[in-house]
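What follows is a short report on a single structure.
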Amino acid sequence: MTKKKRYTDALNHPIFEYISQAATDLELETYVIGGFVRDYFLKRNNQQDIDIVAVGSGIELAQAVAKLLPNKPKVQIFKTYGTAMLRYKDVEVEFVGARKESYNENSRNPVVEDGTLEDDQNRRDFTVNALALSLNKADFGNLLDPFNGLQDLESKIIKTPLSPDITYSDDPLRMMRAIRFAAQLNFTIEKKSFDAIAKNAERLDIITRERIVEELNKIMSSPLPSVGFILLHKAQLLSRFLPELTNLEGVEEVDGQKHKDNFYHTLEVVDNISNNTDNLWLRWAALLHDIGKAPTKKFHQTLGWTFHGHEYVGSKMAYKLFKRLKMPMNEKMKFVQKMVLLSSRPIVLATEVTDSAVRRLIFDAGNDIESLMTLCEADITTKNPLKFKKYHQNFELVRQKIKEVEERDHVRNFQPPISGELIMETFNLKPCREIGVLKEAIKEAILEGEIANDYQEAYDFMLKKGEKLGLIKSK
Ligand code: ATP
């Protein structure tokens with residue numbers, strides 16, 4: 001008989017010795033399970049999260065482990081879930097007692113009973129997430145793989161351990177997770193499973209928006225986000241939470257004139273930008289940069305298809321979308337709005353670059369000018385190689401121009417050289433409308449290049465402009 005392979009090299013981290021010792025002391029069968037084991041076999045190096053399952057009390061085990069550990073870490077206990085968590089060195093370890101679950105219609109929170117390791121593996125979402133390695137002294141490192149998850153890892157396939165229809169209906173979050181793993185790991189979803197997702201799509205409505213966004217952000221952070229978005233769309237899930245995006249799908253033709261399919265174009269832009277940035281919010285900006293095109297689309301006899309003001313409309317829609325999905329309403333949302341609003345500006349510049357237009361762009365984009373240029377370059381999805389090259393060269397020119405103008409005029413973090421106080425003092429004014437008018441006029445004159453971004457020139461300009469407004473210089 002061949003001896004079964006032990007995967008002890010997966011368990012090199014010192015934490016496993018401590019867990020194994022505590023399990024022996026308590027006489028608890030104990031295993032490491034889920035993502036950690038999956039990622040070991042996939043040779044992914046993100047093994048900071050460790051899930052431990054004990055046939056018995058996970059909380060007791062966690063407490064016993066903490067006592068053995070040299071730094072005696074604090075154990076965080078989540079009574080409602082029967083789980084406990086502690087940190088040791090670079091890892092975060094979660095302990096849970098093996099359980100059996102049963103679900104009802106309206107909630108993804110199951111009724112839970114104590115169970116065996118097998119019961120616990122049955123409740124796992126995917127075969128590749130049900131792999132467990134033994135931490136028991138007798139067979140340390142032994143693999144328990146009742147659903148052939150290892151084979152599925154090799155075939156790069158997402159399957160559920162039990163019937164997919166029941167698995168997804170019980171906890172519809174798993175539909176998002178299936179697609180997220182497919183995108184993250186470049187796996188395919190087994191056909192039976194994918195069909196069950198599409199069938200249960202409307203069950204997604206019992207999932208909180210926060211959980212949906214969490215998965216969405218992971219899809220967005222994957223190497224080719226379009227893979228996940230196309231699966232979400234095909235499974236009828238995407239329109240349930242991002243109808244703004246799916247409304248961009250389709251090509252209309254009038255008088256022989258077509259516009260591009262802005263849904264698939266958008267996904268290309270997201271993929272392009274993902275090659276150049278890890279910034280999740282810039283990826284979101286790419287996803288939303290054209291959403292204003294659906295409500296602004298018009299066919300014009302001479303101009304053809306137009307999307308007038310779509311950037312402005314899109315930036316307003318981005319605000320509502322963030323709010324609806326309970327996403328952060330802070331500077332991250334403002335950044336996305338700003339990128340959407342400015343997303344066409346460099347494109348206009350690429351055909352005619354004037355100093356004043358460049359100054360205005362730098363002024364409006366501020367420190368986000370670099371991100372904006374990255375977005376605009378990602379927006380080039382033409383399949384014509386000549387045009388592709390030409391557009392990129394044009395943006396290269398815009399970048400150079402931005403650099404030159406910024407070095408000379410310093411408008412990036414523009415602080416007007418004349419303050420409101422100085423205007424009040426100069427013309428002996430109390431707070432009034434004219435102060436704003438003068439400040440705006442100075443700013444405009446600088447951006448237009450009529451005067452330099454310089455105190456003396458701005459001061460002289462203020463005197464002249466003030467005089468025109470009928471203000472009198474105080475002595
Ligand atoms: P990642 O860390 O990339 O999110 P993970 O698989 O570790 O991957 P977790 O959310 O930490 O994801 O879940 C840990 C394990 O718990 C999973 O591997 C899986 O076995 C199980 N699990 C998580 N969520 C579910 C769920 N909704 N239904 C069934 N099992 C789940």
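Atoms within a ligand are numbered from 1 in the order they appear, just like the ligands themselves. Residue numbers start at 1 and run along the sequence shown.
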Do any nitrogen or oxygen atoms of Gln184 come within less than 3.5 Å of a nitrogen or oxygen of ligand 1? no
One finds that the ligand 1 atoms under 4.0 Å from a non-hydrogen atom of Lys218 are 4 (O)
Salt bridge between Arg324 and Glu244, side-chain N to carboxylate O under 4.0 Å? yes
Among protein heavy atoms, which sits nearest to atom 3 (O) of ligand 1, and what does the distance come to when rounded to 0.1 Å? Arg180 NH1, 3.1 Å
Scan Phe16, Tyr7, Phe41 and name whichever one has a ring pair (Phe, Tyr, Trp, His ring centres under 6.0 Å) with Phe36. Phe16
Tell me the protein heavy atom at minimum distance from atom 19 (C) of ligand 1, and give that distance in Å. Asp125 OD1, 3.5 Å
Short side-chain donor-acceptor distance under 3.5 Å, Tyr103 and Glu101: yes
Ligand 1 to Gly34, heavy atom cutoff 4.0 Å, flagged ligand atoms 18 (O)
Of the protein's non-hydrogen atoms, which lies at the shortest distance from atom 6 (O) of ligand 1, and what is that distance? Arg38 NH1, 2.8 Å
May I ask you to establish whether Lys297 and Phe307 are in a cation-pi arrangement, using a distance under 6.0 Å from NZ or CZ to the six-membered ring centre and at most 45° from the ring axis? no
Relative to ligand 1, is Leu173 under 4.0 angstrom through side chain, backbone, both or neither, heavy atoms considered? neither
Below 4.0 angstrom, N of the basic side chain to O of the carboxylate: do Asp120 and Arg124 qualify? yes
Ranked by distance from atom 22 (N) of ligand 1, the top protein heavy atom is Arg177 NH2, 3.7 Å
Between Arg44 and ligand 1, is there a nitrogen or oxygen pair with a distance under 3.5 Å? no
I'd like to check which ligand 1 atoms, numbered from 1 as shown, lie under 4.0 Å from a non-hydrogen atom of Phe181. 6 (O), 8 (O)
Among all protein non-hydrogen atoms, which one is nearest to atom 21 (C) of ligand 1, and what is the separation to 0.1 Å? Arg124 NH1, 3.4 Å
What do you reckon, does Asp49 have a nitrogen or oxygen under 3.5 Å from a nitrogen or oxygen of ligand 1? no
Atom OG in Ser193, atom CD1 in Ile158: separation rounded to 0.5 Å? 8.5 Å
Nearest protein heavy atom with distance in Å, relative to atom 14 (C) of ligand 1: Asp51 OD2, 3.3 Å
Is a salt bridge present between Lys100 and Asp114, judged by a nitrogen-to-oxygen distance below 4.0 Å? no
To the nearest 0.1 Å, how far is atom 28 (N) of ligand 1 from its closest protein heavy atom, and which atom is that? Arg174 NE, 2.8 Å
For Lys191, look at atom NZ and say whether over 12 heavy atoms of other residues, nucleotides or ligands are found less than 6.0 Å away. no
So, is Gly35 polar-close to ligand 1, with some N/O to N/O distance under 3.5 Å? yes
Less than 4.0 Å between a side-chain N and a carboxylate O, is that true for Lys260 and Glu252? no
Quick note on ligand 1: atoms under 4.0 Å from a heavy atom of Arg123 include exactly 29 (C), 30 (N)
Tell me which protein heavy atom sits closest to atom 27 (N) of ligand 1, plus the residue, atom name and distance to 0.1 Å. Asp171 OD2, 2.8 Å
Could you give me the CA-CA distance, side-chain angles and deciding distance for Thr296 and His308, then say whether side-chain hydrogen bond (donor to acceptor under 3.5 Å, both in side chains) is met? CA-CA 6 Å; Thr296 57; His308 277 311; over 6 Å; no
Using side chain to side chain contact (heavy atoms under 4.5 Å, CB included), reason through Leu61 and Ile52 one step at a time and then give a plain yes or no. CA-CA 10 Å; Leu61 178 63; Ile52 301 293; 3.9 Å; yes
